[in-house]
Chemist: 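Handing you a structure now.
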Amino acid sequence: MHSTSALSFSQATSVPTTNYAFHSHCPLNLRFCGLTTQAFGFSFSTHSASTRLRLSTRAPGHSNKISASPGHNGTPPTSFDYDLIIIGAGVGGHGAALHAVEKGLKTAIIEGDVVGGTCVNRGCVPSKALLAVSGRMRELQSEHHMKALGLQVSAAGYDRQAVADHANNLASKIRSNLTNSMKALGVDILTGFGTIVGPQKVKYGKVGFTDTMVTAKDIIIATGSVPFVPKGIEVDGKTVITSDHALKLEFVPDWIAIVGSGYIGLEFSDVYTALGSEVTFIEALDQLMPGFDPEISKLAQRVLVNPRKIDYHTGVFATKITPARDGKPVIIELTDAKTKEHKDTLEVDAALIATGRAPFTNGLGLENISVVTQRGFVPVDERMRVIDANGNLVPHLYCIGDANGKMMLAHAASAQGISVVEQVTGKDHVLNHLSIPAACFTHPEISMVGLTEPQAREKAEKEGFEVSVAKTSFKANTKALAENESEGLAKLIYRPENGEILGVHIFGLHAADLIHEASNAITLGTRIQDIKFAVHAHPTLSEVLDELFKSAKVKAPASTSSSPVSDPVSA
Amino acid sequence: MANVLQTSFLPSISSLRRTPISGSKGKSQSLQVKAKIREIFMPALSSTMTEGKIVSWMKSEGDKLSKGESVVVVESDKADMDVESFHEGFLAAIMVEEGGVAPVGSAIALLAETEDEIAEAKAKSQSSSSTSPKAVEEQPKQIEEAAPDVPAAAAPTVSASKTVALWSAVHPASEGGKRIVASPYAKKLAKELKLDLGTVVGTGPMGRIVAKDVEAAAAAGTTAAPAGTVAVSPSKPAPVAPGIELGTVVPFTTMQGAVSRNMVESLSVPTFRVGYTITTNELDALYKKIKSKGVTMTALLAKATALALAQHPVVNSCCRDGNSFTYNSSINIAVAVAIDGGLITPVLQDADKVDIYTLSRKWKELVDKARAKQLQPHEYNTGTFTLSNLGMFGVDRFDAILPPGTGAIMAVGASQPTVVASKDGRIGMKNQMQVNVTADHRVIYGADLAAFLQTLAKIVEDPKDLTF
């Protein structure tokens, strides 16, 4: 056996969307991880569809392409310590572990850092605590809004340390919930950094200690990701920071530059401006929020950027960022994204690098099974089976979550993990990534599922079908008006001839909670002509979607059966 | 000139208004006109809509439009709507910018039929938009042109255009002032207030311009604006008749415009006044004694005021947001000085800490600079308390308007020999002056001012502390 030096994995994602067990903390954990989706680089959007397309052409077949890895690591063991070993106890690993136990598998999870991974410790969870604070601050500071409701509030203030503690306490609470849920179900938590040493063999151990070898029938890699820091940027953890540091809220700078205007950047801009900072966005593409549907990002800019203490530079790279030192501020050099010429220099109090996340796959021992990563991502097929350097599937090895880069969201990782467990327990399962919702927890929130309008139009052109768009405004919604939060838009992209939902995008009050009606419809293959008969309580925000479905003009008649659920739509 | 243009062009634009066709979804109604340049009107998107806000222009000036193509997104009282063009052509001129509001039926853009007509259409839009922001931008130009027409005031007058230039200052921060470093909010505010950031001096970290600097600069120009305050230097009276042509309407200069704005803005501050009579025999004696060392009465008054303020920090505070006290860390006494065509308030910074001789020298330097219109922004917009003195004209009492952004202003009258009854029952002569403080009652209360004035009177009546 090779004794490769082991490294840690832990940076996975959020908590599971499993349909059983611990309801106690589900609501929190189901939320989208604020820190993902855009793969690294300057926020080019990750289109899961295209990624999937590419990978599936590489491994077109299903079972018949599996070949034993030409291992110099000896033959696989014949009896195993475990049915399933998961490397990385983030949200993806956790979701897979819980589902595996339900399916009767003897399961172990290896974690080199803390249970919970990025989402719980450095991502979605603590960021939601900060955003809860910023939302309330924003409300209390909005004199106009308060007056309109007839409320009088004297100056609102905050205690930074108490806010930071709230985020930290929330993370520890969710972490212990997670740990307990796994222990209670009998999942073995093995502490140490896991390394794959050969087919169905993993060793783990802490640095400086002897490693322990374990074998398993199937192995899932769920090692997650770390903040991506582009070249030329010097992170000191104090004035030039990543989301990891920012979530600790060690100080609230007067002026902070946020590099990248994707989910992470947007959410932090919401937090910082509510706490009194001024923000400068630095975006490499020509417009802010490039990952969103263009119409949504335009509206979001009008509401989340323009009226706030935020300015921005688009079409520029932050090619060099020097932390504050020797009495000098943080210095940021901006280079034109097209001409590559120096464009401007900024002097700010702090810089937050929110340029996406890079997979955490170093030291996994992938070379032992001749797997070559692509920009760090572990190549997988549509069933999360790992593909080796020769394009062959590695038997019994799967990779889920940020480490495979298909869709860098906590709940996507969990869904992928559940899909894998379904497969290893004998039921074929392919996850439809287009049914996975995503959300950005600004005030108001942004959420989406499926394709954006340009993506849908491109697909329609290629495949020769018609695309229609329906829109409704929050301005017409009674509940939104009662809350005096009527700024918002819901947008439906669909096929008029058969009523298939291609995508739904919502910007407005509680958008993150509203999206699930649409994502469930996509998952279950419900068509618009059927879902429009579903009844919504009045007056609720959910009527925004009700109205949206009703305003769609579908040519196909409603299903005759009493149950409108038909075959799943393969998007 | 604008008027001429307007009249000559209007007929060609004015349209034969057809009743707008009410489209099912409230689409735009570009109205048919005889000319090849059409106006795009703010459409009525709902029956209750009276005005609409331009959310965004989907096309830029010069873009080609085909019939039915979306041109602009309009926000009504109900929803945002895409407005389509009913005609083919080129979007020649946008008359209402993004974020602007226009009443239903008013023109928001011009559509030219051919590319050649774009320029023509642009000219029209400019001439007809006398109320648009563009008109405001033109104003400085007009002033520049107007300036040479006032040759009578040749003496010490600096032309208005030059004034504008002099008021700008090189930013001290960063690379020797090559760049302007301003925070995002400061930039936004400056844009809203139509203020050139080049004229603002930053007091934020590393000398950066922050929001309060912009606010201060906007309030400045004029800080001491109490209406009608006149010169500290009677030797050079304000220019009288020579420059004024009777029967004419003369637009405000930039400075006068700023004064006007500030005066109107001051109406939103709830002020009140407290007066006090102070005996100045001792102060006059002191002044006589140290006058030869270059000490001026203004410096003595500023010093006395600063020392009193040091004991009453609330009188040196101000209310910026309507919710809080802003306690200023230093005591900067602004003193109103009349200059040609306006007034300015040079600031004696840290007047409580600087000794009287240095303060006097500083004052002389500031007055010289003010006359030469060479004051840097931080030398006139950082005052925390304002003094306005009309005593040299023999004015015995007056009332000052509180400059926005500060908490209090003190109007000082002349010190005059007065017959007073003393405690021992005798009648005697004493020099007395009346001061009258105007303050923002949101932060400074009657008792605060009373206590401050009592302290000030004590200092003036026993002025030995002033020379330390």
Side-chain angles (χ1 to χ4, degrees), chain A residues 140-141 143 152-157 253-258 269 272-273 276-281 294-295 298-299 301-303 305-313 324 327-331 344-350 469 471-477 481 486-489 491 507 547 551, chain B residues 24-25 45-46 48-49 53-58 70 72-82 97-99 171-175 178-192 197 202-214 319-326 442:
Chain A
L140 293 173
Q141 286 166 344
E143 235 174 276
Q152 290 168 352
V153 179
S154 57
D254 289 342
W255 183 3
I256 184 165
I258 299 181
S269 79
Y272 279 118
T273 51
S277 301
E278 294 176 34
V279 169
T280 296
F281 270 124
E295 206 166 344
K298 223 172 175 181
L299 179 64
Q301 183 174 334
R302 255 176 56 213
V303 176
V305 175
N306 296 349
R308 298 185 179 171
K309 296 176 181 178
I310 302 176
D311 68 350
Y312 50 86
H313 300 260
K328 279 191 181 156
V330 175
I331 295 170
D344 208 345
T345 304
L346 300 181
E347 294 173 21
V348 294
D349 300 317
V469 172
K471 282 180 252 181
T472 54
S473 166
F474 278 61
K475 285 192 181 95
N477 182 277
L481 288 168
S486 59
E487 194 82 65
L489 170 80
K491 177 174 177 180
F507 174 80
E547 205 183 311
S551 67
Chain B
S24 60
K25 283 181 90 178
L45 299 176
S46 72
T48 54
M49 177 171 165
K53 186 173 165 189
I54 307 289
V55 171
S56 60
W57 284 100
M58 298 159 93
S70 296
V72 60
V73 182
V74 170
E75 181 188 87
S76 73
D77 49 348
K78 294 214 170 55
D80 292 356
M81 293 281 200
D82 289 2
E97 294 295 330
E98 289 187 5
H171 193 278
S174 303
E175 295 172 16
K178 266 184 258 162
R179 294 186 294 114
I180 292 170
V181 179
S183 82
Y185 187 42
K187 279 186 217 155
K188 263 185 194 173
L189 265 184
K191 206 174 162 193
E192 268 168 38
L197 279 172
T203 62
M206 325 283 164
R208 106 176 36 132
I209 300 169
V210 293
K212 73 173 164 65
D213 300 329
V214 176
C319 181
R320 289 200 193 282
D321 53 3
N323 296 318
S324 57
F325 292 83
T326 301
R442 291 174 299 176

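To find a chain, count down the sequence lines: A is the first, B the second, and so on, and within it residues start at 1.
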Chemist: Output all residues satisfying side chain to side chain contact (heavy atoms under 4.5 Å, CB included) with Glu295(A), sequence neighbours left out; order by chain, then residue number.
Modeler: Asp293(A), Glu453(A), Lys471(A), Leu489(A), Lys491(A)
Chemist: Which heavy atom in Arg208(B) sits nearest to a heavy atom in Trp255(A), and how many Å separate them?
Modeler: NE-CE3, 3.3 Å
Chemist: Check whether any side-chain heavy atom of Asp254(A) sits under 4.5 Å from a side-chain heavy atom of Ser183(B), and report yes or no.
Modeler: no
Chemist: Looking at Glu143(A), Lys309(A), Arg308(A), which makes the most heavy-atom pairs under 4.5 Å with chain B?
Modeler: Lys309(A)
Chemist: Identify which part of Lys328(A) has an atom lying under 4.5 Å from any heavy atom of chain B, answering side chain, backbone, both or neither.
Modeler: backbone
Chemist: Of the non-hydrogen atoms in Lys298(A) and Ser56(B), which two are nearest, and what is the gap between them?
Modeler: NZ-OG, 3.7 Å
Chemist: Between Lys188(B) and Asn306(A), which heavy-atom pair has the shortest distance, and what is it?
Modeler: NZ-O, 2.6 Å
Chemist: Report yes if the side chains of Pro184(B) and Thr280(A) come closer than 4.5 Å at any heavy-atom pair, otherwise no.
Modeler: yes
